[in-house]
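Every chain is numbered from 1 and lettered A, B, ... according to where its sequence line falls, protein lines coming before strand lines.
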Protein chains: 2
Amino acid sequence: MAVRIEDVAREAGVSTATVSRVINNQGVREKTRERVISAMEKLKWEPNLAARSLMTGKGRSVGVVIPSLTNPYFSEIVESIETCLTAEGYLGILVSSGSDRSDEREREVTETLIKRQVDGIILVDGTYENNHNGFLVSVARMLPLVVINGVPGLEGVDLVMTDQARGMVKVLDYLYELGHRRIAFFRADREASADVKMDAYARWHIEKGLTVDPAMIVRFTEVNRSRILGEMEEAVYRWIGALAEKPTALFACNELMALGAVRGIEKAGLTVPGDISLVGHDNTPYASLLKPALTTVEMKMGELGRTAARRMIDRLEGRGTEPQRISFSPELIIRQSTAPVADLYRK
Amino acid sequence: MAVRIEDVAREAGVSTATVSRVINNQGVREKTRERVISAMEKLKWEPNLAARSLMTGKGRSVGVVIPSLTNPYFSEIVESIETCLTAEGYLGILVSSGSDRSDEREREVTETLIKRQVDGIILVDGTYENNHNGFLVSVARMLPLVVINGVPGLEGVDLVMTDQARGMVKVLDYLYELGHRRIAFFRADREASADVKMDAYARWHIEKGLTVDPAMIVRFTEVNRSRILGEMEEAVYRWIGALAEKPTALFACNELMALGAVRGIEKAGLTVPGDISLVGHDNTPYASLLKPALTTVEMKMGELGRTAARRMIDRLEGRGTEPQRISFSPELIIRQSTAPVADLYRK
DNA sequence: ATGAAAGCGCTAACAG
DNA sequence: CTGTTAGCGCTTTCAT
């Protein structure tokens, strides 16, 4: 409230315009610039950001919309975005759109951010609906939008993603080599990324000339919190029990599901990887902590976040305005939960 | 950029001052208010927040400073703070002060937030140093400050905390009942909360007439990331090997440490809880996923976050300006990692 | 209860 | 390269 640009200008013996130019790195003679800088330091002046953004319409802040913070998969992304933004003098404003993945809530928080006049928005793992109903495109018309893990080809929308179909194929190829032919697929409902994986799963089976058995595809709802774990254990246990022909391998779309699978499998008196090989997805901290340590797909979340943040800054600073699509290839991380198919199935 | 308060005023046939009064809930005749409101709706006008905060110095946003997002212990707090703030129309601006717990970085990000003119700051788990060097007090002189888990008695600082000393005593009493007399204590360096627990640990031993064996107190550095797990396993393994008299129980200040302890203990050929009972702290999702499921202390992080956010809003809106100290009592959650002391030690 | 007018602290033409 | 001069969109006395 105390010291303003005018005071600095007077102290340095220049006009306010010159001070403004100095702090915005515009052309000012070196000598003058120095005088201004020392005046700033002497008076400990910092430009008032509200006034600045009132003029420019920009506030060096970017909104980050994410389904949930308590999911380690997301928190790693957020942390890397935040680090990257901060390093460049931007402020990341984080809002969670709710792990229930409500389309409407996602739209709401995004709009709040726009009203708050963030300079751009990074949206992580949007809902299927909002990826397809034109919402993201309309947001992108108002300000720079970078989407992490969304659908490609949206007009004006920058996309940074991991090629999950590719990861799925890596998993299946690997299991195939180990001799597995009957591979179960555990997924969440209403998740765009699960759709992508399932499509790849189906295509791979067709290309290999294997049939896709609907009984091998299981949908779970709300597997975001460990509280659900007990229910899942039970569900998996019953699912296995009811199966005429059991799978020799199982892929779970996320690690909490993978854990639920382990529990259910063990409850059914089977072992991992002795009876059933298990592959997870995301390589969260859980994966290496599990027993047996989980074979999984590393999504490079940190890299995704960093790349998205950099794209955003580039666009905000007028570099590379053409929306891009940057795709990372996931990596298969082999640990102890997968093994060659057991002999007794071959006999 | 398009529609301004002036347009609304014209549309409603009033002055801009009246429109301003309406959106700030000041005295306006009911009829006039209605006219203004419908004009707002017709023109879809939303006040420009930058202009507003330029005048008022307030922007309905509160800064949240937290050491790390990838730690589930913190992400639960953040999520509850954020939910609570959003519900009241505030925007939570999150910055992480770095899991390396650098005093300086914590101060830096806090100051950035102040420059950004947040209305208040919620600071979670500040460093020991900043709790004691007057920094927090100086922040509290500038704007409302609510600290989660800090030291009591700081002038002008609101404190919301869990009584960790109490939790520690609950743990020790419980282990005592099971017959344990030699209880190891694993802690992180440079953590205010670990100091609190250790003090309680020491006091409890004295009150019980037990000696505090320095060999039972082990300090680890940087146990925030699972990458460190291998190193910890090794360290614990060596520590046990070098011990003349082994502990029958072990308390770890956080759950990653507890996991490291399990690994080290098992590497040493001992079992949990057969040879050594293990108690963790925080009740993160890891705790119930571990094998054996971990006995631990629930810190009620969600409640802490919610309470802190509410305190902040109360202060921001001029209710209850006297700084308070609100303390929650932690809860001991008994699972499978603790058991009565083995008979062979009694013989 | 309402209006007129004076800024909040800064940026951006436009001159010089 | 630097200064002058208008505002950015809102709030807030001070009148009426």
(Q) I'd like to know if B:R60 pairs up with B:D119 as an ion pair, taking the criterion as any Lys NZ or Arg NE/NH1/NH2 lying under 4.0 Å from an Asp or Glu carboxylate oxygen. (A) no
Q) Separation of B:E46 atom CD from D:dG9 atom P, in whole Å? A) 15 Å
(Q) I'd like to know if the side chain of B:E82 pairs up with that of A:S96 as donor and acceptor (distance under 3.5 Å, no hydrogens or angles considered). (A) yes
Q) Of all the nucleotides listed (C:dT2, C:dT11, C:dC8), which has the minimum atom distance to the side chain of B:L54? A) C:dC8
Q: Would you work out how much the helix from C:dA1-D:dT16 to C:dG16-D:dC1 bends between its ends, with each end axis defined by five base pairs, to 10 degrees?
A: 30°
Q. Charged N to carboxylate O below 4.0 Å: is that the case for A:E6 and A:R10?
A. yes
Q: Using atom CZ of B:R10 as one end and atom C1' of C:dG3 as the other, report the distance to the nearest whole Å.
A: 15 Å
Q.
What contact category does A:S53 fall into here, base, sugar-phosphate, or nothing, at under 4.0 angstrom with non-hydrogen atoms?
A. nothing
Q) What nucleic acid atoms does A:I23 come within less than 4.0 Å of, heavy atoms only: base, sugar-phosphate, or nothing? A) sugar-phosphate
**Q.** Nearest-nucleotide pick for B:T18, side chain only, options being C:dT2, C:dA5, D:dT5
**A.** C:dT2
Q: Take atom CE of A:M55 and atom C1' of D:dG9, then tell me their distance rounded to the nearest Å.
A: 11 Å
Q: With heavy atoms under 4.0 Å as the rule, sort B:S20 into base, sugar-phosphate or nothing.
A: base
Q: Provide, to the nearest angstrom, the distance between the CD atom belonging to A:E6 and the P atom belonging to C:dT11.
A: 14 Å
(Q) What is the separation between atom CZ on A:R29 and atom P on D:dG3, rounded to the nearest whole Å? (A) 10 Å
Q) Considering heavy-atom distances to DNA chain C, does B:A51 or B:S15 have its closest nucleotide positioned more toward the 5' end? A) B:S15
Q) How close or far is atom P of C:dG7 from atom CG of A:N48, stated in whole angstroms? A) 18 Å
Q.
Testing the basics here: between B:V65 and B:S97, what is the closest heavy-atom pair and its distance to 0.1 Å?
A. CG1-CB, 3.9 Å
Q: Output yes when a side-chain donor or acceptor of A:N133 lies under 3.5 Å from a complementary backbone atom of A:F135, and no otherwise.
A: yes
**Q.** Atom-pair distance (CG on B:N25; P on D:dT11), nearest Å
**A.** 12 Å
Q: Go through D:dC8, D:dC1, D:dG3 for me and flag the one nearest to the A:A17 side chain.
A: D:dG3
Q) Once you round it to whole Å, what is the distance between P of C:dT2 and CD of B:E34? A) 12 Å
Q) Without hydrogens or angle criteria, can the side chains of A:D158 and A:Q324 be said to hold a donor-acceptor pair below 3.5 Å? A) no
Q) Looking across every strand, which nucleic acid part, if any, lies under 4.0 Å from B:V14 by heavy atom: base, sugar-phosphate, or nothing? A) sugar-phosphate
**Q.** Closest to side chain of B:R4, choosing from D:dT2, D:dC8, C:dC8
**A.** D:dC8
